[in-house]
A.B. asks: 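Just dropping this structure here.
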Amino acid sequence: ENCEEFEAVVSAQCDALIEAIHHRRSQLLECIRQDKELRVKALKEQVTTCTSRLQQTTALLQFCIEALKETDSSAFLQVGSMLISRVANTDHSWHKEWTAPRVSPHFDLTLDDKSVLRAIDQLNFIQMKHKGF
């Protein structure tokens with residue numbers, strides 16, 4: 001009877017440890033999901049910015065193409081210097097603002113489980129000393 005009781009206690013203790021590991025796993029996975037959401041949000045914002053800049057640049061290019069079709073040389077000269085300035089400013093601001101993706105596709109984290117594995121390996125019984133024996 002004493003042995004069966006002791007087995008039940010040890011089994012319950014191990015079940016509690018397993019439950020604690022499951023709970024911690026859920027917390028860690030939630031951290032990963034939240035980090036992913038932040039990364040995706042940052043990338044979507046960057047895509048929106050790049051799309052907007054691309055539309056502005058495309059509109060400028062179309063305007064330049066139309067200006068090149070101008071047959072009146074004096075009208076072309078009046079518009080030409082303004083176009084050169086706008087293209088140069090667009091190019092400069094693009095290079096100034098553009099960076100590589102703002103977030104890394106890789107996680108800079110590693111799960112440190114070595115100490116827990118060592119603790120599990122060292123999980124053992126403590127010899128209780130009884131007085132009077």
Side-chain angles (χ1 to χ4, degrees):
E1 267 181 41
N2 191 10
C3 185
E4 288 173 13
E5 214 175 279
F6 187 53
E7 285 178 2
V9 168
V10 169
S11 181
Q13 286 176 308
C14 288
D15 288 343
L17 291 172
I18 291 168
E19 182 58 34
I21 289 172
H22 286 303
H23 180 70
R24 187 63 182 148
R25 176 180 60 188
S26 296
Q27 291 175 330
L28 292 169
L29 292 176
E30 181 59 27
C31 285
I32 292 170
R33 282 189 281 276
Q34 288 176 2
D35 191 54
K36 175 188 170 189
E37 286 175 19
L38 288 174
R39 289 167 188 257
V40 168
K41 182 180 176 189
L43 287 173
K44 283 181 179 178
E45 288 172 1
Q46 192 169 16
V47 166
T48 300
T49 301
C50 289
T51 301
S52 173
R53 296 293 262 145
L54 179 61
Q55 289 170 345
Q56 291 170 2
T57 304
T58 301
L60 179 58
L61 282 172
Q62 288 172 340
F63 189 72
C64 289
I65 290 168
E66 291 304 313
L68 288 172
K69 294 177 185 176
E70 181 59 59
T71 54
D72 181 2
S73 54
S74 63
F76 177 78
L77 288 174
Q78 288 174 348
V79 174
S81 61
M82 181 269 297
L83 285 179
I84 290 169
S85 174
R86 281 183 60 189
V87 169
N89 285 340
T90 299
D91 184 54
H92 178 72
S93 67
W94 177 255
H95 287 292
K96 184 177 162 186
E97 291 175 15
W98 172 251
T99 57
R102 293 180 190 141
V103 293
S104 168
H106 305 288
F107 286 95
D108 299 327
L109 302 170
T110 302
L111 184 62
D112 181 14
D113 61 352
K114 289 177 182 55
S115 62
V116 175
L117 290 171
R118 272 194 305 275
I120 290 171
D121 284 342
Q122 294 170 359
L123 193 62
N124 213 332
F125 298 106
I126 299 172
Q127 184 67 43
M128 303 289 273
K129 293 190 179 184
H130 298 283
K131 293 182 180 179
F133 288 107

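Note that the structure is a prediction, hence the values are computed from the model and not measured.
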A.B. asks: Rounded to the nearest 0.5 Å, what's the gap from SG on Cys50 to CD on Glu45? Could you check?
C.D. replies: 12.0 Å

A.B. asks: State, with a plain yes or no, whether a side-chain heavy atom of Ser81 is found less than 4.5 Å away from one of Leu77.
C.D. replies: no

A.B. asks: Indicate whether the side chain of Thr90 and that of Arg53 have a donor and an acceptor atom separated by less than 3.5 Å.
C.D. replies: no

A.B. asks: Run through the side-chain heavy atoms of Ile, Leu, Val, Met, Phe, Trp and Tyr, join any pair under 4.5 Å, and report what else lands in Leu123's cluster.
C.D. replies: Leu17

A.B. asks: Drop me the distance from Thr51's OG1 to Gln46's CD, to the nearest 0.5 angstrom.
C.D. replies: 10.5 Å

A.B. asks: When you measure from the side chain of Ser52 to the backbone N and O of Thr48, does any donor-acceptor pair fall under 3.5 Å?
C.D. replies: no

A.B. asks: What's the spacing between Thr57 OG1 and Asp91 CG if we round to 0.5 Å?
C.D. replies: 9.0 Å

A.B. asks: Could you name each residue pair satisfying side chain to side chain donor-acceptor pair (under 3.5 Å) that touches residues 26-37, not counting sequence neighbours?
C.D. replies: His23-Gln27, Arg24-Gln27, Glu30-Arg33, Glu30-Gln34, Asp35-Arg39

A.B. asks: How long is the gap from CD1 on Ile84 to CG on Asn89, to the nearest 0.5 Å?
C.D. replies: 12.0 Å

A.B. asks: What's the spacing between Ser73 OG and Gln78 CD if we round to 0.5 Å?
C.D. replies: 10.0 Å

A.B. asks: Quickly, which of Leu68, Leu83, Thr58 forms a side chain to side chain contact (heavy atoms under 4.5 Å, CB included) with Phe63? Name it, please.
C.D. replies: Leu83

A.B. asks: Nearest 0.5 angstrom please: Leu61 CG to Glu66 CD, how far?
C.D. replies: 12.0 Å

